[in-house]
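Chain naming here is simple, since letters A, B, ... match the order of the sequence lines and numbering starts at 1 in each. Quantities reported herein were computed from a predicted structural model and do not represent experimental measurements. Scope of the values below: all heavy atoms of this structure, side chains included, with no hydrogens, waters or symmetry mates.
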Number of protein chains: 2
Amino acid sequence: MGLDQNQWSEEEHQAVQRIRKRVIEVVGRNMELYGITLSTGHLYGLLFFADKPMTLDEMGREMQMSKTSMSTGVRTLLDLNMVNKVWEKGSRKDLYEVEYDWYQTFTDYFATQWRRAVESNLQVLRRALKEIDRLLEQPDASEFVVEILTKDRDKIRQAESYYRWLDRVIDAMEDGELYKLVPRES
Amino acid sequence: MGLDQNQWSEEEHQAVQRIRKRVIEVVGRNMELYGITLSTGHLYGLLFFADKPMTLDEMGREMQMSKTSMSTGVRTLLDLNMVNKVWEKGSRKDLYEVEYDWYQTFTDYFATQWRRAVESNLQVLRRALKEIDRLLEQPDASEFVVEILTKDRDKIRQAESYYRWLDRVIDAMEDGELYKLVPRES
DNA sequence: TGTTCTGTACAGTTTTTTCTGTACAAACTT
DNA sequence: AAGTTTGTACAGAAAAAACTGTACAGAACA
């Protein structure tokens, strides 16, 4: 794992690796919550324990995967702000390390995902409401279609109300209100 | 859409369908947030607008897909509590309708997903902590491995702290505390 | 400027997921 | 009890996603 192995025995190395591997395995798997691949999750776990920022080549060696895959994996993690690029003089390779502020990672991720969905949904719902209202204003609308349209409108309004709520939840996450409800430790 | 089309003109039908289709398309796509397929998302959208509970055959006809797919799709949505099975005398087919309480759906889904991850992560982290402590107690541990183990332990403790927080967030969602921070409308 | 090295684009392969048609068990009807 | 009908299991086809190796542009160095 990029450590100078002369400084410790083989058994010690093995023991540490065994512990890390199990944690990486589980944490990596559960990162599917963030919509990332199992292998990208493992990559994250690897970086989590890395004693120093890693290069693509090092990751590839540890993961036994191609550098191309490391490149795309790291990019995914960068996009999610789960990994940061690190500058280090001397090395001309790019170096990466995990973002250790998991609270931030969590908040960032879901705020971004949900916001995107909320915005596009609200847009289409409002547009639909307008069109329904326009149709309802037509004097020659059959009684039957008026009933249908009214029902649809109610459903859409309810959905809109929900998305406004979710939007406020996202706000609460982004500006730290959530931490008032559920405080961080220490 | 299961409506008696004698009661309204073809243009009216088309107009309603056009509006619904656009909403279904967008809402369905954004349901990938819930880890469900685009087509299952569409199925959900279809049920959302349905004027009455639908059968698998009706869904298949509307979606232009096989009944098998409808069966699996509905089961997915049932598992996520996004759709309910409805009993109606006279029909011997199973009937389904969407769960209109989106707040509940949202809360349910993420509480379940996150809880599963939190539990398995906490378990593996605590087990790792124990092992690290055991190794650290060994008198013949090299200075170097002690340093590594201590670093790992710190990282794991930090992660553990984060998961405890997330666990409390989930609690807050499940027992409705979240609605105190961000109230529902009306 | 020429040389070396690093990250990624891209095409092709492998793996995974989704979807369909058939077959059948269980439930309902007569 | 015999005859329908309904939902799903299962195997195979189709589609999508993940992964790899090669090739190359651009940066770093000499």
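Between the CZ atom of R61(A) and the P atom of dT6(C) there is a distance of 11 Å, rounded to whole Å. If you measure from atom CE of M59(B) to atom P of dC19(C), you get 15 Å, rounded to the nearest angstrom. The CG atom of D57(A) sits 18 Å away from the P atom of dT4(C) (whole-angstrom rounding). Going from atom NZ of K67(A) over to atom P of dG21(D) covers 13 Å, rounded to whole Å. In this entry the distance linking CE of M65(A) with P of dT14(C) reads 16 Å, nearest Å. Computed from coordinates, the D94(A) CG to dG26(D) P distance equals 16 Å when rounded to whole Å. Note: CG (L56(A)) to P (dG7(C)) measures 5 Å, nearest angstrom. Per the geometry, CD belonging to E88(A) stands 16 Å off P belonging to dA28(D), to the nearest Å.
Cluster membership for L77(B) and L38(B), using ILVMFWY side-chain heavy atoms within less than 4.5 angstrom, is not shared. Note on F110(B) and L33(A): same hydrophobic cluster, where clusters join Ile, Leu, Val, Met, Phe, Trp and Tyr whose side-chain heavy atoms are under 4.5 Å apart, directly or indirectly.
Inter-residue side-chain proximity for Y96(B) and N84(B) is flagged as unmet; no heavy-atom pair is nearer than 4.5 Å. Between V16(A) and W8(A) the shortest side-chain heavy-atom distance falls below 4.5 Å. Inter-residue side-chain proximity for H42(B) and V27(B) is flagged as unmet; no heavy-atom pair is nearer than 4.5 Å.
Non-hydrogen atoms lying under 4.0 Å from DNA chain D are contributed by nothing in residues 70-86 of chain A. Taken residue by residue, residues 25-44 of chain A places heavy atoms nearer than 4.0 Å to DNA chain D at T37(A), S39(A).
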Footprint string (nucleotides 22-30 of chain C, 5' to 3'): B base within contact, S backbone only, - free, heavy atoms under 4.0 Å: B-----BS-

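A donor atom on one side chain and an acceptor atom on the other are not found under 3.5 Å apart for Q123(A) and E119(A). Inspection of the N81(A) and T105(A) side chains reveals no N or O donor paired with an N or O acceptor under 3.5 Å.
Summarising the geometry, atom CD belonging to Q138(A) is positioned 8.5 Å from atom CD belonging to E12(B); distances are rounded to the nearest 0.5 Å. To the nearest 0.5 Å, atoms CG (D94(B)) and CG (L78(B)) are separated by 9.5 Å.
With sequence neighbours excluded, the residues forming a side chain to side chain contact (heavy atoms under 4.5 Å, CB included) with T68(B) are S66(B), listed by chain and number. Y163(A) pairs by the ring pair (Phe, Tyr, Trp, His ring centres under 6.0 Å) definition with W102(B), not counting sequence neighbours.
Both S66(A) and S91(A) lie near DNA chain D, and the one whose nearest nucleotide falls closer to the 5' end is S66(A).
Between the E147(A) side chain and the F144(A) main chain, no donor and acceptor come within less than 3.5 Å of each other.
Helix bend of the helix from dT1(C)-dA30(D) to dT30(C)-dA1(D): the angle between its two end axes, each built from five pairs, comes to 30° after rounding to 10°.
Taking the six-membered ring for Trp, Y34(A) and Y44(A) have ring centres at least 6.0 Å apart.
In this model, the phosphate group of dC19(D) is not approached by any side-chain N or O of S69(A) to a distance below 4.0 Å at OP1 or OP2.
Only one option out of E62(A), R61(A), M65(A) pairs with M70(A) in a side-chain contact (heavy atoms from CB on, under 4.5 Å); it is M65(A).
Side-chain atoms of K93(B) and base atoms of dG7(D) include no donor and acceptor less than 3.5 Å apart.
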